[in-house]
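For reference, the structure discussed in these notes is given below.
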Amino acid sequence: MSMWAAIAILLPFPYYYLLWTHPQKWVDLCGKSHDPSATMGRVSYFLKLIQLLAFFSVSSFSWPPPLLFWPLVVAGQVLNLRVYQLLGESGVYYGVRFGKTIPWVTEFPYGYVKDPQYVGSILTLLACVSWIPFRYILLWCLGYIFMIFLELKEDPTTRAKPLS
């Protein structure tokens, strides 16, 4: 296993852990002039780019993709896009942890799929199993599973207070 690829794939998860468990520190660091969710989103996009570069560095693409590629990618991305559509940037990027009021959503995929954003991401990763060694996909999926369990235990008393 390429050590740099493994580190790059796992890189976002300590960041997400720290923001989830210490939201007030992030809100304070962002200050009044920067929205904590938007800032988290920008950092997350950069970390996602590093993850993708690591994936490409260990991949071996061939065409056509396997039969299950398209259904898994489409299902995964429909879930991800729907989550972004329903929750918006603040809902996806820990707005509730940063002291924002995020409306409770019950529309599809919520109510049908537990943790639809993570499930969608995992489906998309599994679609790539014929091109990317399974150990890297497993590593990335384990990061998502870790976050699912972390977010199950959200304590509302640890939420940040918005800066006034």
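Treat the numbers as computed from the prediction; the structure is a model and nothing was measured. For reference, positions follow the sequence shown, starting with 1.
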Any idea which heavy atoms bring [X] and [Y] closest together, and the distance?
| X | Y | answer |
| --- | --- | --- |
| Leu19 | Met40 | CD2-CG, 3.5 Å |
| Tyr93 | Ser37 | O-OG, 3.0 Å |
| Val113 | Leu79 | CG2-CD2, 4.3 Å |
| Ile122 | Cys141 | CG2-SG, 3.9 Å |
| Ala8 | Ile50 | CB-CG2, 3.7 Å |
| Lys114 | Val119 | O-CG2, 3.3 Å |

Value rounded to 0.5 Å, distance of [atom1] in [X] from [atom2] in [Y]:
| X | Y | atom1 | atom2 | result |
| --- | --- | --- | --- | --- |
| Leu142 | Arg135 | CG | CZ | 14.0 Å |
| Leu10 | Leu47 | CG | CG | 12.0 Å |
| Phe69 | Cys128 | CZ | SG | 5.5 Å |
| His34 | Leu29 | NE2 | CG | 9.5 Å |
| Thr106 | Leu86 | OG1 | CG | 9.0 Å |
| Cys30 | Lys25 | SG | NZ | 14.5 Å |

Side chain to side chain donor-acceptor pair (under 3.5 Å) between Tyr118 and Glu151, intermediate numbers included:
CA-CA 11 Å; Tyr118 291 132; Glu151 293 174 13; 2.6 Å; yes
Residue pair [X] / [Y], side-chain heavy-atom distance below 4.5 Å:
| X | Y | answer |
| --- | --- | --- |
| Ser44 | Tyr15 | yes |
| Leu72 | Thr124 | no |
| Gln51 | Pro12 | yes |
| Thr21 | Leu150 | yes |
| Trp63 | Pro65 | yes |
| Gln24 | Arg159 | no |
| Trp131 | Val58 | no |

Indicate, with yes or no, if [Y] and [X] share a hydrophobic cluster defined by side-chain heavy-atom contacts under 4.5 Å among Ile, Leu, Val, Met, Phe, Trp and Tyr.
| X | Y | value |
| --- | --- | --- |
| Leu126 | Leu67 | no |
| Tyr17 | Ile7 | no |
| Leu81 | Tyr110 | no |
| Leu11 | Tyr45 | yes |
| Ile145 | Phe134 | yes |

Under a 3.5 Å distance rule, please check whether [X] uses its side chain to pair with a backbone N or O of [Y] as donor and acceptor.
| X | Y | value |
| --- | --- | --- |
| Ser57 | Ala54 | yes |
| Ser90 | Gly95 | no |
| Arg97 | Ala160 | no |

How about [atom1] on [X], more than 12 heavy atoms from neighbouring residues, nucleotides or ligands closer than 6.0 Å, or not?
| X | atom1 | value |
| --- | --- | --- |
| Tyr84 | OH | yes |
| Leu152 | CG | yes |
| Phe146 | CZ | yes |
| Trp4 | CH2 | yes |

Looking only at side chains, do Tyr136 and Trp140 share a donor and an acceptor under 3.5 Å apart?
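No - no donor-acceptor pair under 3.5 Å links their side chains.
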Less than 4.0 angstrom from a charged side-chain N to a carboxylate O is my criterion; do Lys100 and Asp35 meet it?
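Yes, charged N to carboxylate O under 4.0 Å.
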What about Phe61 and Phe56, are their ring centers closer than 6.0 Å?
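Centroid distance Phe61-Phe56: below 6.0 Å, so yes.
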Given Trp20, which of Phe98, Tyr94, Phe149 fulfils the ring-ring contact (aromatic ring centres under 6.0 Å, His included) condition?
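Of the listed options, the one satisfying the test is Tyr94.
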May I ask you to decide if the ring planes of Phe13 and Tyr144 are parallel, tilted or perpendicular, using 30° and 60° as cut-offs?
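Ring orientation, 0 to 90° scale: perpendicular.
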